[in-house]
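Just follow the structure's listing: the first ligand is 1, and inside any ligand the first atom is 1. Here, residue 1 is the first one in the sequence, and each next residue gets the next number. Because only heavy atoms are used, hydrogens play no part in the values below, and waters and symmetry mates are left out as well, while side chains stay in. Being a predicted model, the structure only gives us computed values, none of them experimental.
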Amino acid sequence: MRITRRCFGHIPKMLDFYSQFNPSPLSIKQFIDFGLSACERKSFTFLRKELPVRLANIMQEIHLLPEHLLRMPSVGIVNNLYITSFEEIIHFEKSEINDTTLDKFCQALIKIRNRHADVVEVMAKGIIELKESHDVDAHMENNIQYFLDRFFMSRVSIRMLINQHTLLFGGVLNGHSRHVGCIDPSCDVISVIKDAYENARFLCDQYYLASPELVVKSHNDLECGNEIRIVYVPSHLYHILFELFKNSMRAVMEYYGDSDTYPPVEVTIVRGKEDICVKMSDRGGGIPRSYMDQLFKYMYSTAPQPSKSDAHTVPLAGYGYGLPLSRLYARYLHGDLVLLSCEGYGTDAVIYLKALSNEANELLPIFNKTSTKFYRTPL
Ligand SMILES: O=C(O)CCCOc1c(F)cc(-c2c(C(=O)NCc3ccc(C(=O)O)cc3)noc2-c2cc(Cl)c(O)cc2O)cc1F
């Protein structure tokens, strides 16, 4: 990236240095245990190395992107955001550990988090710029899908580290006393489901003047009928559920357009030995298999917002990254999100979450020969 070389002299060398280390995945149990011992100096010492490592790993991949994409103005903006933030963090590499340094570090993290707030939208704009200026073949689309999954997963992980440190040590009182940073050690899955449903229903009522009811079923044979709770990040679970409820409601309301009664959206929660599963079932008519693959594709989802005139048709091309990002949130702690549709009937979406906090490890992209080869190997 010529711009980088000219303007940020020592950065390329530092990028090479930090990208030779693999990111260190933490389990949600480690986040909790660390958060309960809450030692700011230990957190600072870990983060001033780990954050540059995670930033450098993904920055090196940005530089491997197809030239056409790399040259898009919005991708250049994102690249420079990362360079600026990387430079700010490595500034603390050899700092003396005292209260002033710790306070400046916290402020720097908050500044970085704010700087990167709109990166998803800016990256989506970069994809639109590419589609409007070049033909994108299957190989390039494959590269972009691979990169964006890794890029957005890396971003989720970096924001998780920043949020934990700033929530634990940023001086703001912890409103939810039992939460450890952004983690709820005893997250009541059903209450997050109801939250997400009510908010999606509000949007559905606004647009369709009606909405499907919610039916919740729960199976917990492992802990004989107790409430199903998990050590998890409520905001991640909410993000996934909100997206799925919006999709289910849209499908049901479009499929039963002229009816005045609608089949409910059924959510079943099951506590297994390994996983907690949340299955969302709707009778929204389902999706043909030929279309299923497109739902998780960034290139297919990235399209200019539908003009108001076509607002009445179901946008078959998704217009956001809601579904691919939801799957990344589920996969971030070794869970998953799977869609099963029966065309002509409806769709099941299953969220798998690790039931045990010591198995819920961060899933982090690693910049190495394997990932480099992927970008350089023709289909
Ligand atoms: O990102 C965004 O903003 C929203 C992006 C997303 O927008 C969509 C959306 F909400 C709902 C559907 C949809 C349809 C549909 O639309 N069926 C009708 C059709 C008929 C024919 C064909 C075809 O021939 O290709 C395709 C679909 N059926 O089931 C679902 C459905 C999809 C998901 Cl992911 C889900 O969790 C639950 C569902 O019920 C498709 C979307 F795409």
Side-chain angles (χ1 to χ4, degrees), residues 118 120-121 123-125 127-128 131 144-145 148-149 152 192-193 196-197 199-208 210-216 236-259 262-269 277-308 310-331 335-353:
D118 302 332
V120 173
E121 289 76 6
M123 242 338 176
K125 192 157 175 284
I127 299 296
I128 290 172
K131 290 173 80 169
I144 290 167
Q145 185 72 20
L148 288 180
D149 267 344
F152 291 137
V192 182
I193 289 166
Y197 168 77
N199 289 326
R201 177 188 210 178
F202 176 78
L203 294 179
C204 187
D205 284 334
Q206 264 193 331
Y207 189 80
Y208 294 101
S211 53
E213 290 302 318
L214 170 66
V215 171
V216 179
H236 290 185
L237 181 57
Y238 175 88
H239 183 286
I240 301 165
L241 288 162
F242 183 57
E243 182 61 30
L244 295 178
F245 271 124
K246 282 190 295 179
N247 294 345
S248 284
M249 289 180 184
R250 182 196 307 220
V252 169
M253 298 313 287
E254 291 293 333
Y255 196 59
Y256 286 82
D258 40 17
S259 159
Y262 308 95
V265 176
E266 291 191 7
V267 177
T268 307
I269 307 110
C277 301
V278 180
K279 180 171 76 167
M280 188 181 297
S281 305
D282 68 55
R283 279 175 266 165
I287 318 160
R289 278 188 305 140
S290 57
Y291 180 68
M292 280 297 276
D293 304 351
Q294 311 301 353
L295 282 167
F296 288 100
K297 288 226 172 100
Y298 296 100
M299 285 298 283
Y300 195 89
S301 308
T302 316
Q305 288 304 322
S307 61
K308 285 288 155 275
D310 358 334
H312 62 284
T313 57
V314 179
L316 301 193
Y319 291 105
Y321 288 176
L323 211 54
L325 289 181
S326 294
R327 188 166 63 177
L328 290 179
Y329 275 116
R331 289 178 171 177
D336 205 350
L337 168 58
V338 176
L339 285 185
L340 304 160
S341 196
C342 294
E343 188 197 2
Y345 181 72
T347 301
D348 286 1
V350 185
I351 309 167
Y352 297 102
L353 304 171

**Item:** Donor-acceptor contact present, side-chain Q145 to main-chain F296, <3.5 Å
**Value:** yes
**Request:** Take every heavy atom of G286, measure it against each atom of ligand 1, and state whether any distance is under 4.0 Å.
**Result:** yes
**Request:** Mark the output for S248 as yes if a heavy-atom distance to ligand 1 is under 4.0 Å, and as no if none is.
**Result:** yes
**For ligand 1, the portion of V252 having any non-hydrogen atom under 4.0 Å away** =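 Neither part.
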**Prompt:** Relative to ligand 1, is N247 under 4.0 angstrom through side chain, backbone, both or neither, heavy atoms considered?
**Reply:** both
**Contact check: T347 vs ligand 1, nitrogen or oxygen atoms, below 3.5 angstrom** = yes
Which ligand 1 atoms, with their elements, are less than 4.0 angstrom from a heavy-atom of [X]?
| X | value |
| --- | --- |
| A251 | 13 (C), 14 (C), 28 (N), 29 (O), 30 (C), 39 (O) |
| R250 | 3 (O), 4 (C), 7 (O), 9 (C), 10 (F) |
| L339 | 34 (Cl), 36 (O) |
| D282 | 37 (C), 38 (C), 39 (O) |
| L323 | 34 (Cl) |
| L244 | 36 (O) |

**Item:** Pairing residues for N247 by the side chain to side chain donor-acceptor pair (under 3.5 Å) criterion, not counting sequence neighbours
**Value:** none
**Request:** Anything under 30° is parallel, anything over 60° is perpendicular, the rest tilted; go ahead and classify H239 against Y329.
**Result:** tilted
**Message:** Parallel, tilted or perpendicular: which one describes the rings of Y298 and F152, with boundaries at 30° and 60°?
**Reply:** tilted
Using atom types as modelled, flag every donor-acceptor pair under 3.5 Å from a side chain in residues 278-285 to any protein atom, sequence neighbours excluded.
from	atom 1	to	atom 2	distance (Å)
S281	OG	D348	OD1	3.0
D282	OD1	G284	N	2.9
D282	OD1	T347	N	3.2
D282	OD2	S248	OG	2.7

**Request:** Could you tell me whether the side chain of L241 reaches within less than 4.5 Å of the side chain of Y197, counting heavy atoms only?
**Result:** no
**Item:** Check: R201 and F245 side chains under 4.5 Å, non-hydrogen atoms
**Value:** no
**Prompt:** Do you know the tightest heavy-atom contact between S326 and L337?
**Reply:**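 Scanning both residues, the minimum pair turns out to be CB-CD2, 3.9 Å.
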